[in-house]
Amino acid sequence: MKYQSLRGTHDILPEETPAWQYIEKKIHEKFGSCGFCEIRTPAIEQTELFMRSIGDQTDIVSKEMYSFQDKGGRNIALRPEATASVVRAAIEHNLIAKDKISKLYYIGPMFRYERPQAGRFRQFYQAGIELFGTSSALADAEVVLAGIILFNSLGLRSLEVEINSVGCKKCRPAYEEELKKYLAANSSKLCADCNERKEKNILRVLDCKNESCKKVIFKAPSLEAMLCEECKSHFEEFSGSLSSFGVTVSVNDKLVRGLDYYTKTTFEIISKELGAQNAVCGGGRYDDLIEELGGPATPAVGMAIGLERLLFVMASQKLLPEPGKELDIYIAAIGHDAQKKALQQVFELRKSGISAETDLSGKSLKSQLKTADGLGARYVLIIGEDEMKKGSFSLRNMKTAQQKEIRMEELYREIEPTC
RNA sequence: GUGGUCGUAGCUCAAUUUGGUUAGAGCAUCAGGUUGUGGCCCUGAAGGCUGCCGGUUCGAGUCCGGUCGACCACCCCA
């Protein structure tokens, strides 16, 4: 095979597109009913946008971004996620105004140069929401709830919601300083990865799986204890409100996200069916990002869903709709004149919204009936030489195998009742 | 970026004890089973440079190296 799709990228084939259309439709419906409006941004942006927002020290930006110079010498990157783009667009078009709440959602492909794995691809689809303009912890809950509404409407079971707080710019620097000091004192017991994380993304050390590191972390200063009053009460209200709405949540104090812009709330919705990459949905609050990117200081919260992962969980829970084969009528034609007549008739039927198909390759009647059967045709209209002469045609009901002679004008009336 | 497992028709899989002649089957596809009638059944056809490149050997789908890709884990994250 000379050409194949690039590593970590996949063709979505005709047999799979109905499932994609199904979840996309639900996303539009449910996010819409939650008051979010769709926004579509370009797949490419200035590289700097992502360096500023996600953080140029993060793996996503430093190692995993598809970036290049265009012919005009501009530094361009394929978006690795959409929040930065949505914020940029919202600022650019004045969608963010003082004391105004904006609720946006998006759906589209994202790109990260990673080693492919279960639930991880180089081009993958995300659907997400962003809520700008309120610092209320209830807004964090609303965002989680929007995800839950979507998942429920798809029939998903046994998903778990994990939440945490990573503090804000008032309390986190002090904590990071504290943690850094502690880790520096114990650096000999930390793995190579952690010694690097210590410098680049120190909170991630808390989530290391290495046994030796775990021991060190066990005695490390706790982030929770260091949260300022504001963060603490924000987290309590967020957590409490979800519980009171009947959402079971568990606090995971290791839930530290790899994007720099998160403040206070972080959360994930995970599924055990997924393997190592188990988050179907992840998000959190980012109160400083909009200002950071040049907009008015505006608090915000958002989340993103990995669509391939969502589809995978749905498939394993047998929630994907059967690709329904249905065709109102198939016209079997014998002879060139008949084919022409058939095509004309199919054209008329299609114009009036009836699904119709014919075969112009001159196959035998038997073969055409087989094709019709394979397409799930309810009726087959047979146009042969006899019919062309007589001006009346055989209409076969494929379910009952009954056949009758009709004239073309009667066709609609005959097939209408079951439409 | 690191490590492990694996690449045989469109799909799912075969191919005997460190290798041995024209690489098989099921499903799917197409065509037939008498003149113009589907599903079931029967018959037949087509479909593979065994991922690619190189090496060992009289001989490689099978062994070795490389490469590309898939899967899984680390890392990271949706």
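Proteins come first, then strands; the chains are lettered A, B, ... in the order of their sequence lines, and each starts at number 1. These values consider heavy atoms only, across backbone and side chains, with no hydrogens, waters or symmetry-generated copies. Because the structure is a prediction, the values reported are computed rather than measured.
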Check your understanding: Under 4.0 angstrom, heavy atoms only, what part of the nucleic acid is A:A401 near: base, sugar-phosphate, or nothing?
Key -> base
**Study point:** Proximity to the side chain of A:K363 - top-ranked nucleotide from B:C30, B:G39, B:C75
**Key:** B:C30
Revision key, fill the gap. The answer to which of A:G374 and A:E268 contacts RNA chain B further toward the 5' end, by nearest nucleotide, is A:G374
Practice item. Please figure out whether A:V256 or A:L6 has its closest RNA chain B nucleotide nearer the 5' end. Key: A:L6
Check your understanding: Touch check for A:G275, heavy atoms < 4.0 angstrom, all strands: base, sugar-phosphate only, or nothing?
Key -> sugar-phosphate
Review point. The side chain of A:Y113 lies closest to which of these nucleotides: B:G1, B:C71, B:C75?
Key: B:G1
Check your understanding: Between atom CD in A:E308 and atom C1' in B:C77, what is the gap in whole Å?
Key -> 13 Å
Exercise for review: Check the distance between B:U37's P and A:L369's CG and give it to me in whole angstrom.
Suggested key: 9 Å
Check your understanding: Looking across every strand, which nucleic acid part, if any, lies under 4.0 Å from A:F121 by heavy atom: base, sugar-phosphate, or nothing?
Key -> base
Review point. Which part of the nucleic acid, if any, lies within reach of A:A372 when heavy atoms closer than 4.0 Å are counted: base, sugar-phosphate only, or nothing?
Key: nothing
Exercise for review: With C1' as the reference atom in both, quote the distance from B:A28 to B:U17 in angstrom, rounded to an integer.
Suggested key: 36 Å
Check your understanding: Under 30°, 30 to 60°, or over 60°: which ring-plane class applies to A:F111 and A:Y66, parallel, tilted or perpendicular?
Key -> perpendicular
Review point. Base, sugar-phosphate, or nothing: which does A:V280 touch, judged by heavy atoms less than 4.0 Å apart?
Key: sugar-phosphate
Check your understanding: Between the base of B:C77 and the side chain of A:R309, is there a donor-acceptor distance below 3.5 Å?
Key -> yes
Point to revise | Strand partner of B:G3, provided both Watson-Crick or wobble distances fall under 3.5 Å | key: B:C72
Revision key, fill the gap. Closest to the side chain of A:I60, out of B:G69, B:A31, B:C77, is B:C77
Review point. Atom CD of A:Q277 to atom P of B:C76: distance rounded to whole Å?
Key: 11 Å
Point to revise | Watson-Crick or G-U wobble partner of B:U8, both distances under 3.5 Å | key: none
Exercise for review: Could you tell me which nucleotide pairs with B:C58 by Watson-Crick or G-U wobble geometry, both distances under 3.5 Å, or answer none if nothing does?
Suggested key: B:G20
Exercise for review: Report yes if a side-chain nitrogen or oxygen of A:S394 is closer than 4.0 Å to either non-bridging phosphate oxygen (OP1 or OP2) of B:G36; otherwise report no.
Suggested key: no
Point to revise | Distance between C1' atoms of B:C74 and B:G10 (Å, rounded) | key: 35 Å
Practice item. Could you go through the side-chain contact (heavy atoms from CB on, under 4.5 Å) check for A:S222 and A:Y175 one step at a time? Key: CA-CA 8 Å; A:S222 113; A:Y175 172 73; 5.7 Å; no
Review point. For A:G8, which contact category applies under a 4.0 Å heavy-atom criterion: base, sugar-phosphate, or nothing?
Key: sugar-phosphate
Point to revise | Span that lies between the P atom of B:A9 and that of B:A14, in whole angstrom | key: 13 Å
Review point. Should the pair A:K103-A:E130 be classified as a salt bridge under the 4.0 Å nitrogen-to-oxygen rule?
Key: no
Check your understanding: Watson-Crick or G-U wobble partner for B:U37, using a 3.5 Å limit on both distances?
Key -> none
Check your understanding: Taking NZ, NE, NH1 and NH2 as the nitrogens, is one of them in A:E38 or A:R40 under 4.0 Å from a carboxylate oxygen of the other?
Key -> yes
Check your understanding: Does the base of B:C75 carry an N or O that pairs as donor and acceptor with the side chain of A:Q117 under 3.5 Å?
Key -> yes
**Study point:** For the student: nearest non-hydrogen atoms of A:C194 and A:C213, plus distance
**Key:** SG-SG, 3.7 Å
Check your understanding: Given the C1' atoms of B:G61 and B:U8, what is the spacing between them in whole Å?
Key -> 7 Å
Review point. Please give, in whole Å, the distance from B:U2 P to A:K63 NZ?
Key: 11 Å
Exercise for review: Select one nucleotide: of B:G36, B:C71, B:A78, the one nearest the side-chain heavy atoms of A:A304.
Suggested key: B:A78
Review point. If we call it a pair only when both distances are under 3.5 Å in a Watson-Crick or G-U wobble match, what pairs with B:U43?
Key: B:A31
Review point. Taking the same atom, C1', in B:C30 and in B:C76, what whole-Å distance lies between them?
Key: 49 Å
Practice item. Before accepting this row, confirm whether a basic side-chain N of the pair A:R88/A:E92 lies closer than 4.0 Å to the acidic partner's carboxylate O. Key: yes
Review point. Using purine N1 to pyrimidine N3 plus N6-O4 or O6-N4 for Watson-Crick, or N1-O2 and O6-N3 for G-U wobble, each under 3.5 Å, what pairs with B:G48?
Key: none
Point to revise | Short N-O contact, A:K340 and A:D337, less than 4.0 angstrom | key: no
Review point. Picking from B:G36, B:G38, B:A78, which would you name as closest to the side chain of A:E387?
Key: B:G36
Check your understanding: A:R120 CZ to B:G1 C1': how many Å, rounded?
Key -> 11 Å
Point to revise | Euclidean distance for P, B:U35 against B:G51 (whole angstrom) | key: 46 Å
Point to revise | Lys/Arg-Asp/Glu bridge criterion (N-O < 4.0 Å) met for A:R120, A:E114 | key: yes
Practice item. Return no unless some side-chain N or O of A:R204 is found under 4.0 Å from OP1 or OP2 of B:C76. Key: yes
Check your understanding: Atom NZ of A:K370 to atom C1' of B:U29: distance rounded to whole Å?
Key -> 11 Å
Exercise for review: Could you tell me the separation between the CZ atom of A:R7 and the C1' atom of B:G51, rounded to a whole number of Å?
Suggested key: 14 Å
Exercise for review: Establish whether the base of B:U37 is bridged to the side chain of A:Q368 by a donor-acceptor pair shorter than 3.5 Å.
Suggested key: no
**Study point:** A:F312 CZ - B:C72 P separation (whole Å)
**Key:** 8 Å
Practice item. Would you indicate what A:S367 reaches in the nucleic acid, counting non-hydrogen atoms under 4.0 angstrom: base, sugar-phosphate, or nothing? Key: sugar-phosphate
Exercise for review: Ignoring hydrogens and angles, answer whether the base of B:G38 and the side-chain atoms of A:K399 contain a donor-acceptor pair closer than 3.5 Å.
Suggested key: no
Review point. Should B:A15 form a Watson-Crick or G-U wobble pair with both distances under 3.5 Å, which nucleotide is its partner?
Key: none
Practice item. Give a yes or no on whether a donor-acceptor pair under 3.5 Å exists between the nucleobase atoms of B:G1, that is its base, and the side chain of A:E114. Key: no
Study note, to complete from the structure: Quick note, A:I382 side chain, CB onward, closest among B:A70, B:U37, B:C75 is B:U37
Review point. Taking it one step at a time, do A:R157 and A:Q317 satisfy side-chain contact (heavy atoms from CB on, under 4.5 Å)?
Key: CA-CA 8 Å; A:R157 301 176 296 272; A:Q317 296 189 5; 3.5 Å; yes
Check your understanding: Is there a donor and acceptor pair closer than 3.5 Å between the side chain of A:R112 and the base of B:A78?
Key -> yes
Point to revise | Between B:C49 and B:C41 - P atom distance, rounded Å | key: 31 Å
Check your understanding: A:R197 side chain N/O closer than 4.0 Å to the phosphate oxygens (OP1, OP2) of B:C76?
Key -> yes
Check your understanding: Thinking salt bridges, do A:R122 and A:E64 make one under a 4.0 Å N-O criterion?
Key -> no
Review point. Contact class for A:E81 (heavy atom, under 4.0 Å): base, sugar-phosphate, or nothing?
Key: nothing
Practice item. Please work out if A:L259 contacts a base, only the sugar-phosphate, or nothing of the nucleic acid, heavy-atom cut-off 4.0 Å. Key: sugar-phosphate
Point to revise | C1' gap between B:U37 and B:C13, integer Å | key: 37 Å
